[in-house]
Amino acid sequence: MNYGVPVDLLRFLGACVYGDAAAYYHALDQSARDALEREGCAFGQQAWLYRFLYDELPEERRAKYRKVYQLRQAQAAQGAHAIRQCFDELSAHGLRFAPVKGADLTWRVYPDAALRHGNDWDVWFHPDDCEKALDVLAETGWKAPDRYTDRNDAVFKTAQHHYSPHIRGGFTMEPHYTLSNFAGIDPHDMWAFTTELPDSGGRHALTPELNLLMLARHASSQTYYHAQLPKLLTDAAMVMRHDEVDFAKLRAMSDRWRLPYPGDLFAAFPEFFPAEVLAKFGANPERSALFRTIFEARGKLGEPDTTKLAFDRSRAKGNAAGFVTNHILWLSPTKIRSIYRLPKRGAWGSVVRCYADYFRTRTARVISSVLGRDRRMLDYCRLVESVESRGADSD
């Protein structure tokens, strides 16, 4: 994954959504066109290049991008059929659910499903329906791989917001019991910001305000390393174009739950959003500048070591000792079996050896992070912590 800020690509995507992409492309010299296409390919945006520059591209590159676009179209058509069947099954069992991210946006707000490629379906279930939802998924042929179940074959939580992934017919679903990075917030309170779709049999959609907040919180995963900027910004733009957003309400929601205001994040990318849209955000310039610094620093740092990243984030919070303690407590035999794909029962000699390997490799990384002279990752984490803590200090 490319972690930098793809300025040329963001300008092009902004023109696709808000302006005239062909006119924008015409105004570029050849070196700028080449830079745009390099970034487009690096970030997997060939479908956008094909759809919006069909009449502008040389035939060789048009044919190259056409293959990607047609593949995305076929995948979207197959996914649309499968996901409709899945939603009908959930509705037939009386479940209340809200598809999020690609499972919702691809077919509901994007004008062309080929433009929004995803690998799995994220479905958030009403807090009172979660246990029943797992039973329904099992009854309808969705199966959690063995490594994602405990010794009694019960599905467990593999993240702080969803249960184990479930697979059926080549499709993967992640059943959510809350949304990503809304820690400490009552899911019932969050669910109040969904609306049931007409004649949907229990299917809900996030309000546009919660949708933008969800996208921003999802982007903060892995200390903002999870965010893929072209996808994040086009998702946000499509939500805003599909439904009118009340930014005062969005700010009030952010303050209520002590989360960073998404408008500050989105305003960090004036290459993508036109001035009239930026004005609607009512962003704090200092906080937007911090977000911009974070993404530019991320690009310079490149691919992180996840253990070092998590440890440095804890150091930035002043809780390095807590990180080590919690990590040791978290590391149960079931987790070791899952990480190293060991049998769910027995094989205790292998479990012990894998424990030793885990602590040898992970501990070496942490010690390297502590003793290493390169403090750039710690400084990066402190930047992120300043943004995240300001969300809690907004009142």
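If you take CE on Met238 and CZ on Arg108, they are separated by 13.0 Å, rounding to the nearest 0.5 Å. Put simply, CG on Leu49 and NZ on Lys64 are 9.5 Å apart, with the number rounded to the nearest 0.5 Å. With values rounded to the nearest 0.5 angstrom, Asp379 atom CG is found 7.5 Å from Leu383 atom CG. In this structure, Tyr3 OH and Leu229 CG are separated by 12.0 Å, a value rounded to the nearest 0.5 Å. Distance check: Glu385 CD to Arg315 CZ gives 13.5 Å after rounding to the nearest 0.5 Å. Within the model, atoms CZ of Phe291 and CG of Leu265 stand 5.0 Å from one another, a figure rounded to the nearest 0.5 Å.
Side-chain contact between Phe182 and Pro187 is absent, with no heavy-atom pair separated by less than 4.5 Å. Put simply, the side chain of Asp120 does not reach to within 4.5 Å of the side chain of Met173, judged on heavy atoms. With contacts defined as side-chain heavy-atom distances shorter than 4.5 Å, the pair Pro99/Trp107 does not qualify. Taking the side chain as every heavy atom from C-beta outward, Thr106 and Lys101 never approach each other to under 4.5 Å. By the 4.5 Å heavy-atom criterion applied to side chains, His204 and Thr195 are not counted as neighbours. The closest side-chain heavy-atom distance from Leu206 to Met214 is below 4.5 Å. The side-chain heavy atoms of Trp142 and Pro175, taken from C-beta on, include no pair separated by under 4.5 Å. Within the 4.5 Å cutoff, the side chain of Met253 has heavy atoms near those of the Leu213 side chain.
When each of Gln73, Arg72, Arg66 is checked for a side chain to side chain donor-acceptor pair (under 3.5 Å) with Tyr69, only Gln73 meets the rule. Only one option out of Lys317, Arg258, Arg217 pairs with Glu388 in a salt bridge (charged side-chain N to carboxylate O under 4.0 Å, His left out); it is Arg217.
Follow the hydrophobic side-chain contacts under 4.5 Å out from Phe87 and you reach Leu95 in the same cluster. Under the 4.5 Å side-chain heavy-atom criterion for ILVMFWY residues, no single connected hydrophobic cluster contains both Tyr355 and Val352. Grouping the Ile, Leu, Val, Met, Phe, Trp and Tyr side chains by contacts below 4.5 angstrom, directly or via other members, places Leu36 with Val7. Following chains of ILVMFWY side-chain contacts shorter than 4.5 Å, one can reach Val109 starting from Phe247, so the two form part of one hydrophobic cluster. In the hydrophobic clustering of this structure, Phe193 does not group with Tyr177; members are Ile, Leu, Val, Met, Phe, Trp, Tyr whose side-chain heavy atoms approach within less than 4.5 Å, directly or through other members.
For the pair Arg256 and Asp189, the salt-bridge criterion is met [side-chain N within less than 4.0 Å of a carboxylate O]. Here Arg203 does not pair with Glu196 in a salt bridge; the nearest charged N to carboxylate O distance is not below 4.0 Å.
When all heavy atoms are compared, the tightest approach of Leu13 to Pro230 is CD1-CB, 3.7 Å. The minimum heavy-atom distance between Thr140 and Arg168, with the atom names listed, is O-NH1, 2.6 Å. Annotation for Ser220 and Asn181: closest pair OG-ND2, 3.3 Å, computed over non-hydrogen atoms.
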Stepwise, does the salt bridge (charged side-chain N to carboxylate O under 4.0 Å, His left out) test hold for Arg292 with Glu271? CA-CA 12 Å; Arg292 183 66 181 221; Glu271 302 92 344; 2.5 Å; yes
Please assess Glu276 against Tyr18 for the test side-chain hydrogen bond (donor to acceptor under 3.5 Å, both in side chains), listing each intermediate value before the final yes or no. CA-CA 11 Å; Glu276 61 271 20; Tyr18 293 107; over 6 Å; no
Working for side-chain contact (heavy atoms from CB on, under 4.5 Å), residues Asn211 and Leu105: CA-CA 10 Å; Asn211 228 326; Leu105 304 180; 4.0 Å; yes
ring-ring contact (aromatic ring centres under 6.0 Å, His included), that's the test. Do Phe266 and Phe272 meet it? Break it down for me. CA-CA 9 Å; Phe266 299 137; Phe272 179 84; 9.3 Å; no
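In this pair, Tyr24 and Phe12 present their aromatic rings tilted. The plane angle is within the 30 to 60° band. Aromatic ring orientation, Phe97 versus Phe125: tilted (interplanar angle from 30° to 60°). Using bins of under 30°, 30° to 60° and over 60° for the plane-to-plane angle, the ring pair Tyr50/Tyr54 lands in the perpendicular bin. Between Tyr224 and Phe295, the two ring planes are perpendicular [angle over 60°; tilted spans 30° to 60°]. Classified by interplanar angle (parallel below 30°, tilted 30° to 60°, perpendicular above 60°), the ring pair Trp191/Trp124 is perpendicular. Using cut-offs of 30° and 60° for the angle between ring planes, the His162 and His176 rings count as tilted. Taking the six-membered ring where the residue is Trp, His188 and His126 present perpendicular rings, their angle passing 60° and hence far from 30°.
Separation of the Phe43 and Trp48 ring centroids does not fall under the 6.0 Å cut-off.
For Tyr261 and Asp255, the side-chain atoms include no donor-acceptor pair closer than 3.5 Å. Of the N and O atoms on the side chains of Glu174 and Tyr163, not one donor lies less than 3.5 Å from an acceptor on the other residue. Defined by atom type and a distance below 3.5 Å, a donor-acceptor pair is present between the side-chain atoms of Ser350 and Arg353. Using a 3.5 Å distance cut-off with no hydrogens or angles, the side chains of Thr234 and Tyr110 do pair a donor with an acceptor. Side chains of Thr172 and Asn119: a donor-acceptor N/O pair is absent below 3.5 angstrom, by distance only. Asp55 and Tyr25 share no donor-acceptor pair across their side chains, judged by distance under 3.5 Å alone.
Heavy atoms from other residues, nucleotides or ligands lying under 6.0 Å from CD of Gln228 number more than 12. Glu60 CD: 12 or fewer foreign heavy atoms inside a 6.0 Å radius. The 12-atom threshold is not exceeded at CD of Glu286, counting heavy atoms of other residues, nucleotides or ligands nearer than 6.0 Å.
A cation-pi arrangement is absent between Arg84 and Trp121 under the rule of less than 6.0 angstrom and at most 45 degrees off the ring axis.
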